[in-house]
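Please read all numbers here as calculations on a predicted model, not as lab measurements. Note on naming: letters A, B, ... go to the chains in the order of the sequence lines (proteins, then strands), and numbering restarts at 1 for each one.
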Amino acid sequence: MCRRQLASWAEGRTLTGVRVIDEAVVRHKVSTRPSDKLEGGGGVLEGWVGCTAGAPIRHGKRLGWSFDDNGLLIHLGMTGRWVRRPASDPHPKSTRIGLVFGDEVLWMIDTRRFACVVPIPLGELDQAVRRGHGPDALLEPMGGSQLAAAFQTKRPIKVVLMEQKRIAGLGNIHAAEACFRARIWPKRPANALSSGDWDRLAQGIVTQLQTSVDDIDVGKESVYVSEGGENPFSVYRRAGRPCPDCGVVVVAEELAGRTTYWCPGCQPS
DNA sequence: GCGCATGTTAACTT
DNA sequence: GAAGTTAACATGCG
């Protein structure tokens, strides 16, 4: 979704300024640690002024964006997002970096500082964006049999759905929602799923992600549940409330360090 | 005010 | 190696 925003806001426009608010967000590799910052990284980006923004590409949760011969790898972490503001306005709270295009600025905001941007030569950008990742869940959808082959482990299916090396793009929310759509118990060992389960899961993943992108596009779903408004998900953060499909109370349990939600009625063990 | 939870990742340890 | 744990961080909530 943020790829679409950046494309519509800046593709083809000339970068006229760079505002580095937090030097540590410019890293030498994708990392959640500010200690991996790229020394002089702010200056590197400032050297891109005058370049023209290309079309951003996405693979999983990573973005690649070209500025003439320069590539920028972007990961928004947990709380990162981009906003567009008039260049004359002050930057919002928790802003890390700003890309100026004439009278507008794109600010990258990230309260928890797990987001980062990585300058990379354009020729290496594509492989850097994909490195260590499986197929993109939405752009290169796997069929049931492909999923089964990629998930040969006894670990819980929801946990391994979040492993980017197997399939790229699913986090805690969408992994849980995809399991719900496929009517699969999240704790089920992956290698115990039937071919019918895999087929429903393959469909559930694509439907979940596509629905979410569409909802955000029309403003129905905010990026964060906490940002007020109705919780747009079926089970995520709905513990103790009735399942929208069958009315059974949704339950939550910690799985591999992440809170996991499911409906015991629709997703029986 | 304290403890805990929060959408991610990779570097650790076992 | 696979699998589990922890650390990196800031904020809001009860």
Exercise for the section: Tell me what A:Ser31 touches on the nucleic acid: a base, only sugar-phosphate, or nothing, going by heavy atoms under 4.0 Å. Expected result: nothing
Practice task
Tell me what A:Thr111 touches on the nucleic acid: a base, only sugar-phosphate, or nothing, going by heavy atoms under 4.0 Å.
Solution key: sugar-phosphate
To the nearest Å, how far apart are [X] [atom1] and [N] [atom2]?
| X | N | atom1 | atom2 | answer |
| --- | --- | --- | --- | --- |
| A:Arg113 | C:dA10 | CZ | P | 5 Å |
| A:Lys93 | C:dA10 | NZ | C1' | 9 Å |
| A:Lys165 | B:dT9 | NZ | P | 13 Å |
| A:His75 | C:dC9 | NE2 | C1' | 15 Å |
| A:His133 | B:dA10 | NE2 | P | 6 Å |
| A:Arg112 | B:dT9 | CZ | P | 12 Å |
| A:Arg131 | B:dT9 | CZ | P | 16 Å |
| A:Leu255 | B:dA5 | CG | P | 15 Å |

Of the candidate nucleotides [options], which contains the atom at the shortest distance from the side chain of [X]?
| X | options | answer |
| --- | --- | --- |
| A:Thr153 | B:dA11, B:dT6, C:dA3 | C:dA3 |
| A:Tyr261 | B:dT9, B:dT6, C:dA8 | B:dT6 |
| A:Lys61 | B:dT8, C:dA8, B:dT6 | B:dT8 |
| A:Lys29 | C:dA3, B:dT8, B:dA11 | B:dA11 |

Practice task
Compare every heavy atom of A:Gln164 with every heavy atom of A:Met162, then report the nearest pair and how far apart it is.
Solution key: O-NE2, 2.9 Å
Report yes if at least one side-chain N or O of [X] is closer than 4.0 Å to OP1 or OP2 of [N]; otherwise report no.
| X | N | result |
| --- | --- | --- |
| A:Arg155 | C:dG4 | yes |
| A:Thr259 | B:dA5 | no |
| A:Thr79 | C:dC9 | no |
| A:Lys154 | C:dA2 | no |

Problem - Who pairs with C:dC9 - Watson-Crick or G-U, where each distance is under 3.5 Å - result: none
